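Report on the following structure.
All residue numbers refer to positions in the sequence shown, counting from 1. Side-chain atoms are counted along with the backbone in the values below, which use heavy atoms only and exclude waters and symmetry mates. Keep in mind the model is a prediction, meaning the values are calculated, not measured.
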Amino acid sequence: MSEAQGSDARGFPAFAARRGGRARGQSFWAAQWAEAVEDVWPEEGPLKKGRAFARTGRIGPITVSPGRVAAEVYGGEETYTTQLSLTVLDDDEWDLLWERTADRPAETEALLAGDLPEDLLEAVEDARVRMLPGYGDLDADCGCDALDHPCPHATALAYQLSWLLDTDPWLLLLIRGRAAGEAVEELKSALLMRALAGDDEEEGDGDSYDEEAGEETPGGPEQAPDDSFQRAAYARPAAALPVLPPLPDPPAAPEEPLTGIEADPLDRLAADAALRARELLAYVHGFGAAPPEPLDDWQDTARLAATHPDPRVAQRLRAGCGRPGEDLDRAAAAWRTGGRAALDVLEHPWAPPGQQTARARTALAAAWEAEELPPVDVDGNHWTLTGRGLQLRLGRDGRWYPYRRRDGLWWPAGPPSADPAEALADLMGLADDM
């Protein structure tokens, strides 16, 4: 059998962006894979960039096949093909591995039951073959032409593979040239050959040994070999076939609206109505001591500038609002992210209770690895990423609003999040785009 016979490629959907958290997989095999990759590529700089990029959601669907892991990577305006290459084991190496595995009943039973036991690594070492990456065995290629080798896209793909191993550790065998079903059938063949060899050795010349007489008895009864283990192995049901890859995404909608009516102004108006309805519902359900007050002149000006579909309205408001035009632009940008609450965050700093600040620090420490948590300067409800021109602001509504410094002023940079770790991860994504 050829090295890759029957080992078809498998496709996996792209991972969504992850809001902080650990970039390494959590299972035994995922951790072993990540540790081996970090031993092969020990420079911390590319690894740290790769861990951050792995969380951004910019890596497309992943294809795993014998000797290859590949994906399309979206790096801003460019798209690159990123590939990891590993050596495929030849037939002799696989045969030796199954012979060593057959010496281990517990590991054999687990494999036949569809599990990949941790102690299989001992059989791998006995056979002197590679299952995890090693020096001279793992290579990376990417179309980004980065100076680092491996580039952050390749290391990010390696970390995302550890996420796949959390749910399907058999992919380790597929990369080396054997799909799960193939591996189980070859192990069964090794067990059968061992059973047949045992039968031949027991046949001998027909003589048996009489322990009490201390001598061989011609033509005595033979002791049948114990083949119950092999029989039990072949009595097991066949392993289930791998799941089919997901269907492709539906075709993109036409660029031009079919009705001739642009949707963006309607979206803004609907969002504004939803925000006002949310405030009223909060009061009705007991989350406020009083119904929301009517908007004052400045708040209503910001609302109109943010939501009116005619751009000429915003221009007239800038000219007649009595404040610098950039103030209205920032206020309108804030309103689009969260209405009146977001405008309050823009214009009115405040001092949150110490307990609320402590809870936020604890959430960040739990979600981020210590070496990857960026330094943050805290001033009241303003949490500024040191030297990055990025900031989180805690609103009185308990949500975290991202800000970016531009031309000496802080500008709203996106929608808020109730989770500080999620908000920080989104903000770090903004840093990657800068």
**Study point:** Contacts of type side-chain contact (heavy atoms from CB on, under 4.5 Å), residue R130, not counting sequence neighbours
**Key:** D137, R176
Practice item. Quick one: list whatever passes ring-ring contact (aromatic ring centres under 6.0 Å, His included) with W98, sequence neighbours left out. Key: W94
Point to revise | Check: T108 main-chain N/O paired with T101 side-chain donor or acceptor under 3.5 Å | key: no
**Study point:** Side chain to side chain, F28 and L116, heavy atoms closer than 4.5 Å
**Key:** no
Review point. Atom NE2 in H153, atom SG in C144: separation rounded to 0.5 Å?
Key: 5.0 Å
Review point. Looking at side-chain heavy atoms only, is the closest gap between D407 and E326 below 4.5 Å?
Key: no
Review point. With no hydrogens and no angle check, is any side-chain donor or acceptor of T56 less than 3.5 Å from a backbone partner on A52?
Key: no
Point to revise | Residue pair D119 / R104, side-chain heavy-atom distance below 4.5 Å | key: no
Exercise for review: Give the intermediate values and the outcome of salt bridge (charged side-chain N to carboxylate O under 4.0 Å, His left out) for residues R68 and D139.
Suggested key: CA-CA 10 Å; R68 184 173 178 267; D139 196 14; over 6 Å; no
Point to revise | N/O donor-acceptor pair under 3.5 Å between W350 side chain and V345 backbone | key: no
Review point. Taking only residues two or more places apart in sequence, or in another chain, which ones meet F12 in a ring-ring contact (aromatic ring centres under 6.0 Å, His included)?
Key: none
Revision key, fill the gap. On a heavy-atom basis, the closest approach of L385 and L424 is CD1-CD1, 3.9 Å
Revision key, fill the gap. Side chain to side chain donor-acceptor pair (under 3.5 Å) filter on E38, not counting sequence neighbours, yields R24, Y159
Revision key, fill the gap. For D344, the salt bridge (Lys or Arg N to Asp or Glu O under 4.0 Å) test, sequence neighbours excluded, returns R396
Practice item. Sequence neighbours left out, what passes salt bridge (Lys or Arg N to Asp or Glu O under 4.0 Å) with E118? Give chain and number order. Key: none
**Study point:** Distance-minimising heavy-atom pair for P42 and D39
**Key:** CD-O, 3.8 Å
Review point. Is there side-chain contact between D103 and R100, with at least one heavy-atom pair below 4.5 Å?
Key: yes
Check your understanding: Do L191 and L112 have side chains that get closer than 4.5 Å, going by heavy atoms?
Key -> yes
**Study point:** Pairing residues for D168 by the salt bridge (Lys or Arg N to Asp or Glu O under 4.0 Å) criterion, not counting sequence neighbours
**Key:** R10
Review point. D141: what forms a salt bridge (Lys or Arg N to Asp or Glu O under 4.0 Å) with it, not counting sequence neighbours?
Key: none
Point to revise | Side chains of L84 and V37 in contact at under 4.5 Å (non-hydrogen atoms) | key: no
Check your understanding: For Q26, does its backbone N or O pair with a side-chain atom of D166 as donor and acceptor, under 3.5 Å?
Key -> yes
Check your understanding: Are L132 and L121 close enough that some pair of their side-chain heavy atoms sits under 4.5 Å apart?
Key -> yes
**Study point:** Counterpart residues, side chain to side chain donor-acceptor pair (under 3.5 Å), relative to E107 (two or more places apart)
**Key:** none
Point to revise | Pairing residues for W400 by the ring-ring contact (aromatic ring centres under 6.0 Å, His included) criterion, not counting sequence neighbours | key: W383
Review point. Counting only N and O atoms by type, is there a donor-acceptor contact under 3.5 Å from the side chain of E182 to the main-chain atoms of A179?
Key: yes
Exercise for review: Please report the shortest heavy-atom distance between S162 and A30, naming the atom on each side.
Suggested key: O-CB, 3.1 Å
Review point. Which atom pair, heavy atoms only, marks the closest approach of A102 to L187?
Key: N-CD1, 4.5 Å
Exercise for review: Using a strict 4.0 Å threshold on nitrogen-to-oxygen distance, state whether R51 and E44 make a salt bridge.
Suggested key: yes
**Study point:** From CA spacing to verdict: side-chain contact (heavy atoms from CB on, under 4.5 Å), V184, W170
**Key:** CA-CA 11 Å; V184 171; W170 289 87; 4.1 Å; yes
Exercise for review: Specify the closest pair of heavy atoms between L174 and V64, including all atoms of both residues, with the distance to one decimal.
Suggested key: CD2-O, 3.7 Å
Practice item. Might you point out which heavy atoms bring L96 and A127 nearest each other, and give the distance in Å? Key: CD2-O, 3.3 Å
Point to revise | Results of side chain to side chain donor-acceptor pair (under 3.5 Å) for Q391 - residues two or more places apart only | key: T384, R393
Review point. Do I59 and F53 come within less than 4.5 Å of each other through their side chains, counting heavy atoms only?
Key: yes
Revision key, fill the gap. Contacts of T63 meeting side chain to side chain donor-acceptor pair (under 3.5 Å) (sequence neighbours excluded), chain-then-number -> none
